[in-house]
Structure formats: C-alpha cells, structure tokens
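Contents: one structure, followed by commentary.
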Number of protein chains: 2
Amino acid sequence: MYYKIIKNNFLKGERDEMNRFIQYNPVKWIFGKGSINRLQAELSQFGKNILFVYGGGSIKQHGVYDEVIKQLEEMEANVYELSGVEPNPRLAVVHKGIGICKEKNIDFILAVGGGSVIDSAKAIAAGAKYEGDVWELIAEGKKISEALPIGTVLTLAATGSEMNAGLVITNADTREKIDWHSQHVFPQFSICDPAYTVTVPRDQTAFGVIDIMCHIMENYFHQGEGTELQDGFSEQLLRMLVETAPRLLEQPDQYEYREKVMYAGTVALNGTLQSGYRGDWTAHIIEHAVSGVHDIPHAAGLAILFPTWMEYALDSRPARFSQFASRVFGVKTAGRTEREAGVEGIQALRNFWRHLGAPAHLSNYGIKHDSLGEIADHVMKRGEFGRFCPMNRDGVLSVLRASL
Amino acid sequence: MYYKIIKNNFLKGERDEMNRFIQYNPVKWIFGKGSINRLQAELSQFGKNILFVYGGGSIKQHGVYDEVIKQLEEMEANVYELSGVEPNPRLAVVHKGIGICKEKNIDFILAVGGGSVIDSAKAIAAGAKYEGDVWELIAEGKKISEALPIGTVLTLAATGSEMNAGLVITNADTREKIDWHSQHVFPQFSICDPAYTVTVPRDQTAFGVIDIMCHIMENYFHQGEGTELQDGFSEQLLRMLVETAPRLLEQPDQYEYREKVMYAGTVALNGTLQSGYRGDWTAHIIEHAVSGVHDIPHAAGLAILFPTWMEYALDSRPARFSQFASRVFGVKTAGRTEREAGVEGIQALRNFWRHLGAPAHLSNYGIKHDSLGEIADHVMKRGEFGRFCPMNRDGVLSVLRASL
C-alpha cells in the first residue's frame with residue numbers, strides 16, 4: 001500500500017486512540033478463476049511496446065505463459081521478454097530491463113510471477129524514467145515523479161506486491177537488500193487467479209503462507225490503543241491461515257484453499273490492516289540484511305527471526321502477545337500472567353511453522369557467528385529503529401545470536 | 001465501491017467457493033483529527049473555480065465552514081456556494097448545481113457534509129459533463145465517460161459515500177428515489193475528521209450507526225460458501241458497533257467513539273467487505289421506495305424494514321442467521337435449531353435498535369395500507385430481484401405489511 005502516517009506519536013513514546021492516516025490504493029484487483037481473460041481489455045489503453053517480465057520456467061508449465069503470449073499476439077503487441085528473475089531479485093536483471101525499456105521505447109511492463117518478478121518490474125518501471133542509476137533511488141530512498149505503467153499476473157501468493165507500492169531489491173555487489181516505496185509504481189491492475197498457484201511446490205507454498213502471516217503480524221505488534229477492528233481483521237486472517245495451510249499442504253491442488261491463501265496474501269499488505277496504527281517490521285528489517293548477505297529464502301529467514309524477535313520484544317507489551325496467543329492459537333489465559341500466555345503463543349507459532357516445514361535455525365543455512373557483525377552493520381545503516389520495541393545494534397545482535 | 005461481479009452463479013441458484021471479482025477504489029482516504037489541513041494540498045492540482053456544496057447550517061456551527069473558506073481564500077480560489085442540500089437529496093438542487101457548473105466553468109466540486117451532500121455533488125459532477133438531463137442517467141442506469149472531479153469533507157458517519165462510486169437521488173415529482181453508480185464519480189479525496197461529528201445530534205448519530213450496520217448486513221446475507229474472512233471482518237465491525245453505539249449516545253463528545261464509528265462507516269462500503277461474494281440489498285431497495293414516496297429518514301426506514309425482511313428471508317438459509325445471532329449478539333446455539341437461534345438474533349437486533357431510539361413501525365410516520373401499492377410499484381420497476389431470497393411483488397407487499 002501507499003501508506004503515510006501524518007502524525008506518529010508512538011515514535012515519541014506517547015499513545016493516542018488512533019493514528020491519523022492517508023490510505024490510497026488505486027490498483028485494480030482482478031480476482032478469480034479465469035480472470036486472465038481481462039488482460040487484453042486492461043492493456044488496451046496503453047501502447048503496444050510491452051516488456052514481459054517473468055522468472056524461471058514455471059509459468060511455462062501451468063499454461064499462463066502461453067495464454068499471455070496468445071493475448072499479446074492477438075492485440076498485435078510488440079513483446080520483449082525478460083526472463084530469469086530469481087528470488088531475492090537482483091539489481092542486474094533490473095538494469096537489463098531498464099536497458100530494454102530505453103532502447104525499445106517500452107510503453108508498458110507486464111510482470112507475470114510472484115513478488116520477485118513484480119518487484120523487479122517496479123524497479124524497472126521507476127528506473128526507466130530516471131536519469132541516474134536506479135540503485136541510487138533505492139539505496140538513498142529518493143522520490144520520483146513518474147514511472148512506466150506496470151500490470152501483473154500473480155502466480156505465487158506471498159508478498160502482496162501485486163497490490164501495493166513497495167519493492168525489495170538485492171545488490172549482489174554490496175550484499176545489500178533494500179526496500180523502497182513510491183506511489184508511482186502501483187500496478188495499474190493485478191490479475192490474481194488462484195488456479196495458477198495450484199502447481200506451486202510444497203516448500204514455496206509453505207513459505208508463502210509464512211510470509212503472509214509475517215506481514216499481518218508485523219503490523220499487529222504496535223503500541224496503539226483502541227484498534228479492535230484492525231486487530232479483529234488481523235486475527236481472523238491469521239486464524240484462517242492456521243486452519244487452511246496444513247490442509248493445503250495435504251491437498252495442494254484443492255482450489256478452495258489456494259483461493260483463501262491468495263486472497264489473504266493481497267489483503268495482508270494492501271492497506272486494509274495498516275490504517276490507523278503502525279507496526280514494527282523489525283523482523284523484516286533484520287531478515288533483509290540476512291538474505292542480502294546469505295541469499296536464503298525470505299520466508300525461511302522470517303520463520304526463524306520472527307519468533308526470536310517476539311521473545312526479545314515480549315516485555316515491551318505483554319498484553320499484545322497474550323491477545324495474539326489467545327485469539328490466534330486458542331491459548332488459555334485464565335489464571336496466568338500475560339507474559340506466560342505470550343510465551344506459549346510464541347511457542348505455538350514456532351511449532352506451527354515447523355509443522356509446515358520451516359527451518360528453525362540460521363545455522364541450517366550455514367550461517368555462523370562470524371557473519372553476524374556484517375549483517376548487523378547492514379541493519380544499522382538507517383539508524384536505530386523499532387516502533388514497538390526499540391532496537392539498536394546490541395539488540396539486533398541479540399536477536400541474531402538467539403536465531404543461530 | 002466500484003465493484004463488478006464477473007460471474008455470479010448465485011443468481012442461477014448455484015454456489016461456488018467465491019465469486020470472481022474486480023475491486024477498484026482510487027479514493028485517497030485522509031483520516032483523523034486535523035486532516036482538514038490537507039485540503040489545500042489536495043486541491044492544488046485542480047483549477048481555481050470551485051463549487052462548494054453543503055447542507056444546512058450545521059457546518060457553520062462546528063467551524064468546518066470557516067476553515068474551508070479560509071483555505072479556499074488563501075489559495076485564491078473562485079468559490080461558488082450551493083447550500084440547502086437536504087436528507088433524501090432532491091433532483092432540484094442537483095439541477096441547480098449543474099447550472100452553476102456550466103455557467104461558471106467549474107473545475108472542481110467540494111462536498112462538505114454527509115451522504116446527501118456527497119451524493120448530490122456526485123450527481124452534479126456527472127450531470128455537468130452530460131448533454132441530456134441527469135435524471136435520465138440515473139433513472140435509466142446509463143453509463144458516462146467523464147465527470148467533474150469531486151472531493152469531500154465528511155461531517156456525518158453513515159452512508160460510506162465518501163469512499164465509493166454510488167449515489168442515491170430523489171425525484172420529488174415522480175416520488176422516485178434511485179441509486180446509480182459510476183467509477184467516474186469516485187471522490188479524488190475524502191477528508192474524514194471524527195471531530196467534525198462530535199456535534200451531530202443524538203437521533204442522527206443513532207441513524208448513522210443503523211445505516212452502517214445495514215450496509216454490512218446487506219452484504220453479509222449472501223448464498224456463498226467459504227467466506228469466513230469476509231464474514232469475520234463483517235462480524236467484527238458489527239460487534240464493535242453494538243458495543244460502541246450505546247456508549248457514544250451516552251457520551252456524544254467522546255472522540256474515541258466518534259472515531260470508531262466514522263472508520264466503520266467508510267470500511268462498511270468501500271469494497272473491503274464486498275470482495276468475493278454478493279449480498280442481497282432487498283431492505284435498501286424497499287426502503288428507497290418508501291422514502292421516495294414518504295420522505296422518512298433512510299435509516300429509520302431500514303431499522304423497520306431490515307428485521308422484517310430477515311424474518312421473511314430466514315428460511316432461505318437459516319444457518320446464516322444462526323451464525324449472525326451467535327457471533328454478533330452472543331446468542332446461544334447449543335441444543336437449538338438454526339432457525340430458533342436465527343429468530344432470537346433478529347429479535348436481539350430489533351431490541352438493540354429500539355434501545356438506540358429507532359422507530360419500530362412504518363405507521364409511526366403515518367404510513368398506512370393504502371400507500372403500500374404505490375411503494376411496491378416503485379420497487380418492482382426494475383423487475384424481480386433478491387440474490388439471497390428471491391423477491392416478487394407479493395414478497396415486497398408481505399414485508400411492507402409486516403412493517404406497518
């Protein structure tokens with residue numbers, strides 16, 4: 001989402017009822033089986049020179065590649081393909097895309113894939129209209145005044161990038177993985193057909209669910225008061241995912257489960273849950289640094305770091321953790337302190353993610369003590385942070401060590 | 001919202017997991033105390049000729065009128081005022097506004113008020129760019145290709161019109177009250193400051209809550225399956241309103257309660273709850289005909305008609321009513337049929353609304369048997385309807401008679 005906090009007392013340690021906010025999200029969200037049939041109609045208002053961005057070969061397996069090409073040919077578009085976008089998408093492929101845009105006078109960028117493909121397309125869209133190097137935009141958090149229009153066909157439920165204005169790109173040279181936002185990179189439309197996710201492998205499916213849950217929880221842990229609506233929405237989404245994910249892993253071709261997860265992935269990060277308070281995002285910030293240096297799957301990093309961060313942050317507001325434990329995992333709270341219930345909730349979350357197949361330790365990926373310093377350096381580049389629980393370098397190292 | 005169902009099996013009596021849908025809502029939602037300070041910035045991209053639409057004198061009492069005028073003067077706008085918009089807004093004031101737009105070459109319409117003012121502004125915006133009579137657009141459900149841009153400053157939490165593309169206008173000559181939708185009348189921005197609603201009188205406050213609850217419930221009673229997310233969001237909103245409304249009526253100047261209700265009013269009808277299934281809207285359709293003929297407050301009509309419709313529709317899907325009763329009003333379901341729990345839920349709703357001060361009978365407004373035929377004629381002009389529970393003329397008369 002494009003989401004701007006006008007006043008954020010929480011940074012100063014104060015609280016009030018609800019933050020003032022601006023919510024703006026002009027993405028046309030086209031959801032459901034067969035929604036690819038809208039593609040030509042949506043593209044008709046743009047020019048004919050189209051950059052078609054995708055990842056590996058998976059989109060050729062489940063038919064979406066052929067369908068997109070067929071529709072683009074019917075409308076006599078000039079199609080330039082850019083494939084090979086990988087998870088933790090790299091600056092190199094973005095540079096390549098920007099080169100094509102400038103050389104071929106591209107009018108529109110069509111991203112077909114998951115979050116990595118969409119984020120790359122967003123970076124290309126911004127870079128194509130920017131004089132300098134796109135990495136300068138991202139690393140320095142610069143603002144832009146225009147970008148090429150993009151549209152998406154989603155084939156993986158996870159990042160929510162299909163309906164927001166954010167991106168995350170990795171610079172392999174500097175080992176930095178950085179997020180950036182601009183309302184100019186909102187997709188014009190996103191075609192979300194759960195049927196395209198039926199062939200997603202087991203581990204990617206589980207990682208998608210974990211990523212979605214983390215997006216909800218990053219927002220959920222805030223210091224605001226009087227947010228029972230946003231709380232209730234978040235808890236409902238989390239309960240649904242906790243119930244649906246194990247069933248989906250057992251029956252991966254069950255459309256109904258794919259549908260629920262894809263729907264949740266978009267709602268988790270399109271502004272619906274974020275209006276009125278501001279979450280923490282510490283686990284994401286640390287994870288970006290970890291996978292910038294070590295190229296591990298984003299959701300695997302989150303599955304390890306998020307519970308460790310929760311333990312670190314627990315005493316900042318035990319009531320919040322107790323509520324989470326009780327409403328998401330049904331942990332009994334009677335006769336126990338909020339802290340005790342909170343601890344049990346964190347354990348329930350960890351168990352749930354392990355049951356889905358997530359790793360429990362950074363050392364599973366060969367990450368050792370000796371690289372924690374470099375990771376912490378990357379994390380601290382933007383200074384101290386943490387709206388829910390203040391974080392400095394010592395805190396980051398503490399969470400990292402507990403995650404080994 | 002602009003909300004388009006691509007496929008709607010329910011009309012044919014079939015069911016599937018979730019409807020395909022398109023959700024699109026480009027309104028910039030600016031929420032919170034003091035958000036009026038954004039007005040100049042939002043207006044800066046439009047021209048200087050501004051039509052300022054408002055209702056009676058209430059906006060002069062709580063300071064918003066002075067604040068708007070101050071900001072418009074500072075930006076050296078040419079301001080044309082159109083005041084006197086009433087509840088159940090009339091075509092006459094719309095015609096007057098269209099005349100000003102054409103004569104003064106208006107660039108932008110600023111609506112300051114509640115749903116009636118915003119709906120009138122939307123109709124003026126559409127009519128100003130339309131060759132024929134605006135009533136022809138509305139009554140015949142015609143499509144348009146452009147409208148003047150509008151923005152709103154909300155002073156009454158109720159209709160949700162501040163963040164959707166719908167309007168309802170009454171033609172006093174034909175006694176018709178008709179709704180119409182076009183994505184060209186989405187507000188560019190809506191400034192929603194709960195502080196501006198602190199002075200809203202008791203009955204209007206209660207009617208606002210009832211209107212919001214009805215918007216949620218009209219969507220809630222659908223024939224879809226697998227919609228626990230949307231159900232959970234709707235139930236959370238309803239529970240919050242059931243809890244907050246009585247407190248608000250006791251402490252009308254409590255900002256926190258005003259904030260919750262204003263937030264709920266926008267979310268109830270901005271597309272968040274509507275994606276994935278399609279509700280019924282029978283009570284709204286009948287109410288529009290009632291207040292078209294008798295000019296009673298919209299929410300008063302709903303408070304009478306909605307429970308009566310529920311009783312009429314109960315046997316179409318008792319499980320839905322049982323779920324509503326249990327999750328919104330805490331009705332016990334153990335050892336009872338779904339129908340029995342449903343009946344108790346309807347009674348709980350009726351009691352709650354009476355406690356807020358809502359009327360119970362159409363006869364309270366002097367409506368008698370002899371006018372039910374004319375009302376039913378208006379209702380049936382668009383043919384048979386009812387997605388949750390099929391309605392024909394006999395059904396409409398049955399609901400009306402039970403509401404006397």
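Given the structure is predicted, the values throughout are model-derived calculations rather than measurements. To find a chain, count down the sequence lines: A is the first, B the second, and so on, and within it residues start at 1.
Summarising the geometry of Thr272(A) relative to Tyr263(B), their closest heavy-atom pair is O-OH, 4.0 Å, with the distance given to 0.1 Å. The two atoms that bring Pro26(A) and Tyr24(B) nearest to each other are O-CE1, 3.3 Å, heavy atoms only.
By the side-chain hydrogen bond (donor to acceptor under 3.5 Å, both in side chains) test, Thr266(A) is found to be paired with Glu162(A), residues two or more places apart in sequence or in another chain being considered. Not counting sequence neighbours, Tyr196(A) has no partner by the side-chain hydrogen bond (donor to acceptor under 3.5 Å, both in side chains) test. Taking Glu67(B) as the reference, Gln71(B) meet the side-chain hydrogen bond (donor to acceptor under 3.5 Å, both in side chains) condition, with sequence neighbours excluded.
Panel note: side chain Lys260(B), backbone Leu229(A); no donor-acceptor pair is recorded below 3.5 Å. In this structure a side-chain-to-backbone donor-acceptor pair under 3.5 Å is present from Arg20(B) to Lys33(A).
Counting heavy atoms from C-beta on, the side chains of Trp29(B) and Asn25(A) never come closer than 4.5 Å.
Within residues 238-252 of chain B, the residues that have a heavy atom under 4.5 Å from a heavy atom of chain A are Met240(B), Glu243(B), listed by number.
Rounded to the nearest 0.5 Å, atoms CD1 (Ile22(A)) and CZ (Phe31(B)) are 13.0 Å apart. For the atom pair CD (Glu228(B)) and CD (Gln236(A)), the distance works out to 7.0 Å, reported to the nearest 0.5 Å. The line from OG of Ser234(B) to CZ of Phe233(A) is 7.5 Å long, rounded to the nearest 0.5 Å. Of the inter-residue distances, the one linking Ser190(B) atom OG with Gln23(A) atom CD reads 12.0 Å to the nearest 0.5 angstrom.
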